[in-house]
Amino acid sequence: MPRSMTSTWHPTAYRTHTLGQIQSEGAGLVGQEVTVAGFLHASRGKGAMCFADLRDGTGMTQVFAKADLLGEDALSTLQSLTRESTLQVTGTVAQKRPPKVADGETPPPPAYEVLASSITVVAEAQAPLPLGVTDTVGVGLDTRLDNRFLDLRRAHVNAMFRLRGKVLEFGRAHLIGEGFVETHTPKIVATATEGGTDLFPMTYFETPAFLNQSPQLFKQLCMSGGLERVFEIGPAFRAEKHDTYRHLNEFISFDIECSWATDDDVMGVLERMIHHIWSSIASDPTCQAHVATINAWRATQDEDPIEVIVPELPFPRVEYDDAIRIIKERGGTIEWGNDIDAENSDLLAQGLPQFYFIPRWPMDLKPFYIHHVDGEEGSTGRQLSRGFDLNFGRDEMTSGGQREHRIEVLCDNLRNMDLDPEAFEFYVAGFRHGVPPHAGWGLGVERILMVLTGAKNVRETVLFPRDRRRVCP
RNA sequence: GCCCGUUUGGUGUAGAGGUUAUCAUGCAGGAUUGUCAUUCCUGCGACCCGGGUUCAAUUCCCGGAACGGGCGCCA
């Protein structure tokens, strides 16, 4: 499996080096003139000298300024510049004087700074800031989201989104390695794709249309089209007026569909992919640095550090039938045929500290496109399906299953669920001229990120979340 | 959609029927400093909106708005 590529930062019109390079390549740069740029993270010193911490996307470097090198005017400009202003600094690289350390303590590794010879204020930051980028005082989520551009400058928030990118990178790499092809399906659709959930209506020229709730039906048509193994990472829209820590009205769904496969086969794909993501993050130094940044913040908030614990393969499987029995044994109120609600999920999750599958749900709890095998019945004699969920603790990460490829059964399912096969003709047609048996799943990217980063609210894992009350920014 | 709660400087908070409204952070000015989350001094800055009760409401009551938590449903 290809490792994550090491990124190369080329010089740009605004800088010769990144601030990260000043630190990582500092020994070789001492005495050399460089131009760097970034946000003014902090500045100290109002007298004859000034220490300014400059921050860019790669790290932080101290700029040291004295009047004899920089000039009186430029020095006082720097000293009066507001936090978070952007500036460009030209100067020579030098090794920082090591800090005083108490006896017995080991001195820190050498660090490098820029002795400023000229500065350009690019864009001044208005004060006061709507939220403090470097402050350790807590900030309410709503204030943060209203000012997300500033919130993102905070180290632990920035680290969250860099980790998000890595999760997608590792997940994508794993699926490509298993022979899956990346695809895109339409987000503007003419009919309700699955029924059940509320959709956002829109107008497509003169035709009523909707934002797609999932790529489900289209990725199945790809199976009919012989693409064999596809995946898609894309948005899904749900007009549900829910208001919880784990729901969004726009989220990113990580979907696969796989031909000549059963539910058990694609559970294997899913657990191998998650295992790959976790083990890649655990062994990637950049990711570990992001985790450390998040943990440094958590420490200031009296929160326990997060740990990247690579889950063991295979993940536990607790069939629906057993899940109901276990919940009852633990005192939960539930009947065979009920969905497993949050409270009962808590009971079930006892003793299951990580990811676990719940396969073989009752057929009448699953959508029309889920396959069933005649004769597979639960303890009450009712028909089971080949649908499964993947949970972490109480939270559902994935739902998936083997799909119904038998056209007569598919149409029966539609009718049994009060849906009209005519309305799904574009989909049903795909089963009329030969189709492989197939299976797949959809994984909530944000929910996976909650697990990885310890975020208690799904909104933390999305740049600009869309929820019941928020469409802006 | 249902239930519960919250709303105090830019940010995060404490608090009480009558206070100079607490603390932290921030901001402004000053002193100190090749600093390492500098330190110290001085100052600035707030009770969500409407109505009611009361001699007096930011505090109690009602309504609204905004936000947060729980549930349903889902990924």
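Letters go in sequence order (proteins before strands), and every chain restarts at 1.
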> With rounding to whole Å, what would you report as the distance between G12(B) and G26(B) at their P atoms?
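Nearest-Å result for G12(B) against G26(B) at atom P: 15 Å.
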
> Taking only N and O in the side chain of Ser399(A), is any of them less than 4.0 Å away from OP1 or OP2 of A75(B)?
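Checking Ser399(A) against A75(B): at least one side-chain N or O falls below 4.0 Å of OP1 or OP2.
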
> Here's a test for you: under ring-ring contact (aromatic ring centres under 6.0 Å, His included), which of Phe357(A), Phe388(A), Trp361(A) qualifies with Tyr320(A)?
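By the ring-ring contact (aromatic ring centres under 6.0 Å, His included) criterion, Tyr320(A) pairs with just one of Phe357(A), Phe388(A), Trp361(A): Trp361(A).
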
> Looking at Arg469(A), I'd like to know whether one of its side-chain N or O atoms comes within less than 4.0 Å of OP1 or OP2 on A66(B).
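It does not, given that no N or O in the side chain of Arg469(A) lies less than 4.0 Å from OP1 or OP2 of A66(B).
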
> Partners of Lys241(A) by side chain to side chain contact (heavy atoms under 4.5 Å, CB included), sequence neighbours excluded?
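Counting only residues at least two positions away or on another chain, Lys241(A) forms a side chain to side chain contact (heavy atoms under 4.5 Å, CB included) with Arg468(A).
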
> Touch check for Phe64(A), heavy atoms < 4.0 angstrom, all strands: base, sugar-phosphate only, or nothing?
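It contacts base atoms.
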
> Using a heavy-atom cut-off of under 4.0 Å over every strand shown, decide if Gly138(A) touches base, sugar-phosphate, or nothing.
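Sugar-phosphate only.
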
> Relative to Trp336(A), does Arg382(A) satisfy both conditions: NZ or CZ under 6.0 angstrom from the six-membered ring centre, and within 45 degrees of the ring's axis?
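Cation-pi check for Arg382(A) and Trp336(A): fails.
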
> Would a 4.5 Å heavy-atom cut-off, applied to side chains only, mark Leu347(A) and Asn344(A) as touching?
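Yes, at least one pair of side-chain atoms sits under 4.5 Å.
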
> Any side-chain N or O of Arg394(A) below 4.0 angstrom from OP1/OP2 of C71(B)?
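Yes, such a contact exists.
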
> Tell me whether the side-chain N/O atoms of Thr244(A) come closer than 4.0 Å to OP1 or OP2 in C71(B).
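Looking at the OP1 and OP2 atoms of C71(B), neither is under 4.0 Å from any side-chain N or O of Thr244(A).
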
> Between G34(B) and Phe51(A), is there a base-stacking contact, meaning the centre of the base's six-membered ring lies under 5.5 Å from the residue's ring centre while the planes stay under 30° apart?
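Not stacked by the 5.5 Å and 30° rule.
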
> For atom P, what is the distance between U39(B) and A24(B), given to the nearest Å?
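Going atom to atom, P in each nucleotide, I get 13 Å.
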
> When you match Thr143(A) and Lys241(A) each to their closest nucleotide on RNA chain B, which lands nearer the 5' end?
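Its nearest nucleotide being more 5', the pick is Lys241(A).
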
> Start at the 5' end of RNA chain B and walk down; is the nucleotide closest to Asp142(A) or to Glu343(A) reached first?
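This one resolves to Asp142(A).
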
> Got a donor-acceptor pair under 3.5 Å from the side chain of His242(A) to the base of C71(B)?
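Under the 3.5 Å cut-off, the side chain and the base do not form any donor-acceptor pair.
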
> Rounding to an integer number of Å, can you tell me how far Leu69(A) CG sits from G34(B) C1'?
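That distance rounds to 14 Å.
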
> Could you check which of A75(B), G72(B), U25(B) has an atom nearest any side-chain atom of Val137(A)?
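Selected nucleotide (nearest to the side chain): U25(B).
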
> Does G69(B) have OP1 or OP2 sitting under 4.0 Å from an N or O in the side chain of Asn457(A)?
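So the side-chain polar atoms of Asn457(A) do come within 4.0 Å of the phosphate oxygens OP1 or OP2 of G69(B), strictly under.
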
> C1' atom, A14(B) versus G50(B): distance in rounded Å?
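Going atom to atom, C1' in each nucleotide, I get 27 Å.
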
> Between Asp68(A) (CG) and G34(B) (P), how many Å, whole number?
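Result: 14 Å.
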
> Would you mind reading off the distance between Arg468(A) atom CZ and C67(B) atom P, rounded to a whole angstrom?
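After rounding, the reported distance stands at 11 Å.
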
> Could you tell me which non-hydrogen atom of Phe464(A) sits nearest to which non-hydrogen atom of Pro473(A), and how far apart they are?
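Answer, listing the atom of Phe464(A) first, then Pro473(A): CB-O, 3.6 Å.
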
> If you look at every strand shown and take non-hydrogen atoms under 4.0 Å, does Ile252(A) touch a base, only sugar-phosphate, or nothing?
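No contact at all - Ile252(A) keeps every heavy atom at 4.0 Å or more from the nucleic acid.
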
> Taking any heavy-atom pair under 4.0 Å as a contact, classify Asp389(A): base, sugar-phosphate, or nothing.
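No contact at all - Asp389(A) keeps every heavy atom at 4.0 Å or more from the nucleic acid.
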
> Determine the interatomic distance between C1' on A31(B) and the same-named atom on G17(B); round to the nearest Å.
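Looking at atom C1' only, A31(B) and G17(B) are 45 Å apart.
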
> Any side-chain N or O of Arg83(A) under 4.0 Å from OP1/OP2 of C27(B)?
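Yes, Arg83(A) has a side-chain N/O under 4.0 Å of OP1/OP2 on C27(B).
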
> What is the distance, rounded to the nearest whole Å, between atom CZ of Arg246(A) and atom C1' of A75(B)?
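Arg246(A) atom CZ is separated from A75(B) atom C1' by 10 Å.
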
> Starting from P on C71(B), measure out to CG on Asn344(A) and report it in whole angstrom.
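Answer to the nearest Å: 12 Å.
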
> Any base atoms under 4.0 Å from Asp243(A), or only sugar-phosphate, or nothing? Heavy atoms, all strands.
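The residue Asp243(A) makes base contact.
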
> Can you tell me how far P in U59(B) sits from the matching atom in U25(B), rounded to whole Å?
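The same atom, P, in both gives a distance of 30 Å.
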
> Any idea which of U38(B), G10(B), G34(B) is nearest the Arg44(A) side chain?
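Selected nucleotide: U38(B).
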
> Have a look at Thr398(A) and say if it touches a base, only the backbone sugar-phosphate, or nothing, with a 4.0 Å heavy-atom cut-off.
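Sugar-phosphate, backbone atoms only, no base.
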
> Ignoring hydrogens and angles, state whether a donor on the side chain of Asp395(A) or Tyr245(A) is under 3.5 Å from an acceptor on the partner side chain.
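Yes.
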
> For the backbone of Val230(A) and the side chain of Thr183(A), can you confirm whether one donor and one acceptor N or O come within less than 3.5 Å of each other?
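Flag not set: sc Thr183(A) to bb Val230(A) has no pair under 3.5 Å.
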
> Write down the distance separating the P atoms in A46(B) and A65(B), rounded off to the nearest Å.
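Straight-line distance between the two P atoms is 28 Å.
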
> With distance as the sole criterion, is a donor-acceptor pair present between the side chains of Arg83(A) and Thr134(A) under 3.5 Å?
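Their side chains do contain a donor-acceptor pair, which is all the 3.5 Å distance test asks for.
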
> Side chains of residues 24-42 of chain A: which donor-acceptor partners sit under 3.5 Å, not counting sequence neighbours?
from: Ser24(A); atom 1: OG; to: Gly20(A); atom 2: O; distance (Å): 3.2
from: Thr35(A); atom 1: OG1; to: Thr90(A); atom 2: OG1; distance (Å): 2.9
from: His41(A); atom 1: ND1; to: Arg55(A); atom 2: NH1; distance (Å): 2.9

> Return the nearest nucleotide to the side chain of Lys96(A); candidates are C36(B), G10(B), G72(B).
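Nearest listed nucleotide: C36(B).
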
> Which ranges of RNA chain B pair up as stems, where a stem means three or more consecutive Watson-Crick or G-U pairs with both distances under 3.5 Å?
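The stems are B:1-7 with B:65-71, B:10-12 with B:23-25, B:26-31 with B:39-44, B:48-52 with B:60-64.
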
> Could you work out the separation of G9(B) and U58(B) based on their C1' atoms and round it to a whole Å?
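These two C1' atoms come out 14 Å apart once rounded.
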
> Once you apply a heavy-atom cut-off of 4.0 Å, does Ala342(A) come out as touching a base, just sugar-phosphate, or nothing?
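Sugar-phosphate, backbone atoms only, no base.
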
> Could you state the NE2-C1' distance from His247(A) to G72(B), rounded to the nearest angstrom?
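His247(A) atom NE2 is separated from G72(B) atom C1' by 9 Å.
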
> For the pair made of CD in Glu113(A) and C1' in G34(B), what is the distance, rounded to whole Å?
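Answer to the nearest Å: 8 Å.
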
> Suppose you measure atom P in C49(B) against the same atom in U54(B); what distance do you get, rounded to whole Å?
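Those two atoms are separated by 23 Å.
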
> Does Arg447(A) put a side-chain nitrogen or oxygen below 4.0 Å from OP1 or OP2 of A75(B)?
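Arg447(A) to A75(B) OP1/OP2: no side-chain N or O under 4.0 Å.
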
> Which atom names give the shortest non-hydrogen contact between Arg238(A) and Ser214(A), and what distance separates them?
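Looking at all heavy atoms of both residues, the closest pair is NH2-CB, 3.9 Å.
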
> Starting at atom CD of Gln301(A), determine the distance to atom C1' of A24(B), rounded to an integer number of angstrom.
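Between C1' of A24(B) and CD of Gln301(A): 13 Å.
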
